[in-house]
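From a predicted model like this one, the values you see are computed outputs, not experimental measurements.
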Amino acid sequence: MPSGGEKRQPKYQRIAAALKDAIASGRYGPGDRLPGESDLMATYGVARMTARQAFAALQAEGLVEARKGAGVFVREFKVGIRRRGIQRLAVEVWGAGGSIWAADGTGHDLDVEFLGVFEERAPSAAAAALKLPSGSAVCVRRRRFLLDGRPVMVATSYLDAALTVGTPIAEPDTGPGGIYARLADLGRKPVRFREEIRSRMPAPEEAGALTLVPGTPVVLVRRTAFTADGQVVEVNEMVLDSAAYVLEYEFDA
């Protein structure tokens, strides 16, 4: 018999909890189709709207996805990228003309889609990190990364426009080693990096750029690059599809 708390719980929440338990127990595995709205109506004696609310609750948690004309399915979380945060930034990589992104896609088809390079007024956070006066011009480089044809990350770099104007950094192709190798050419070689990581639900434009299904959070990585004298030369803000990445940090004790 339902407890007092269960009686007070809305019907759609009780149905969602039952389906969630079935998923957790393995009764419904990744990619499996859940019972349809009509099935839930018959099993629980509820209206169609209540069945839809139950599915909506599971979608909001990112557990299921609705496929038009096919039904509601348990989501498959296919991690495709193991992002090794320390090794990928080693000077041995970009200093030798390598791409720091290439290692992320080992064993997969990794493409970088260039979205543009332009000057704009610095966002307040980027201006503060670069120690620029409010409203200063920054060089903005934006890229989207695709794994096996699927977008998994959008990255935006901010650099002092006064430093980058007329250099390859302000061009679509920065050359071997990318931004960091070109900064080294300018006498602004990065020797230290700091990454800050947090998670949240995506903004609509982020969900669109990464083709995320409803309920999928994003991981935000904000990297700051420092020279030997402590000067900040780049701020890189990355938005990652949380279902596509494992963030790995390995270092000596």
Side-chain angles (χ1 to χ4, degrees), residues 81 83-85 87-106 108-196 205-206 208-210 220-241:
I81 299 179
R83 183 183 186 276
R84 295 176 171 88
Q87 294 90 333
R88 67 200 300 275
L89 291 171
V91 67
E92 289 82 4
V93 176
W94 51 267
S99 167
I100 65 174
W101 312 104
D104 291 349
T106 300
H108 297 271
D109 181 13
L110 181 66
D111 292 322
V112 181
E113 181 182 9
F114 184 71
L115 301 181
V117 55
F118 44 89
E119 279 192 18
E120 67 175 25
R121 289 166 59 96
S124 57
L130 292 165
K131 293 184 170 53
L132 296 175
S134 177
S136 296
V138 287
C139 174
V140 181
R141 298 183 59 86
R142 187 163 290 129
R143 295 86 71 205
R144 184 167 66 161
F145 298 81
L146 299 94
L147 184 76
D148 298 331
R150 169 191 169 193
V152 294
M153 178 177 71
V154 175
T156 305
S157 290
Y158 299 95
L159 305 98
D160 184 355
L163 174 65
T164 61
V165 64
T167 74
I169 295 174
E171 300 295 330
D173 184 0
T174 57
I179 291 175
Y180 298 146
R182 301 294 76 77
L183 286 168
D185 294 342
L186 295 171
R188 298 291 192 275
K189 177 182 175 180
V191 301
R192 182 169 60 90
F193 300 94
R194 180 180 67 220
E195 289 193 341
E196 300 166 295
E205 61 273 15
E206 294 168 341
L210 295 173
L220 309 178
V221 180
R222 188 170 188 265
R223 183 171 67 235
T224 307
F226 299 85
T227 62
D229 60 1
Q231 179 184 3
V232 174
V233 286
E234 184 223 20
V235 176
N236 190 341
E237 297 181 348
M238 294 158 273
V239 182
L240 286 62
D241 175 358

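Summarising the geometry, atom CG belonging to Asn236 is positioned 5.5 Å from atom OH belonging to Tyr180; distances are rounded to the nearest 0.5 Å. Rounded to the nearest 0.5 Å, atoms CG (Asp241) and CD (Glu206) are 11.5 Å apart. Between the CD atom in Gln231 and the CZ atom in Phe226 there is a gap of 11.0 Å [rounded to 0.5 Å].
The shortest side-chain heavy-atom distance between Arg223 and Arg194 does not fall under the 4.5 Å cut-off. Side-chain contact check for Val140 versus Val138: some heavy-atom pair is nearer than 4.5 Å. Proximity of Ser157 to Glu237: side-chain heavy atoms (C-beta onward) are nowhere separated by under 4.5 Å. Side-chain contact check for Leu130 versus Val235: some heavy-atom pair is nearer than 4.5 Å. You'll find the side chain of Leu186 reaches within 4.5 Å of the side chain of Ile169, heavy atoms only. A heavy-atom distance below 4.5 Å is found between the side chains of Leu210 and Val154. Residues Leu163 and Arg188 meet the side-chain proximity criterion, which asks for heavy atoms closer than 4.5 Å.
Here the options are Arg150, Met238, Met153, the test is side-chain contact (heavy atoms from CB on, under 4.5 Å), and the partner is Phe145; only Met153 passes. Residue Arg141 is tested with Ile179, Thr156, Thr164 for a side-chain contact (heavy atoms from CB on, under 4.5 Å); the sole match is Ile179.
With sequence neighbours left out, the salt bridge (charged side-chain N to carboxylate O under 4.0 Å, His left out) criterion links Glu196 to Arg222.
Looking at Arg182, its side chain does come within 3.5 Å of a backbone N or O of Pro176 through a donor-acceptor pair.
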Distance-only donor-acceptor pairs under 3.5 Å for side chains of residues 111-125, two or more places apart:
| from | atom 1 | to | atom 2 | distance (Å) |
| --- | --- | --- | --- | --- |
| Glu113 | OE1 | Arg144 | NE | 2.8 |
| Glu113 | OE1 | Arg144 | NH2 | 2.8 |

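Considering every non-hydrogen atom in both Pro190 and Val233, the closest pair reads CG-CG2, 4.4 Å.
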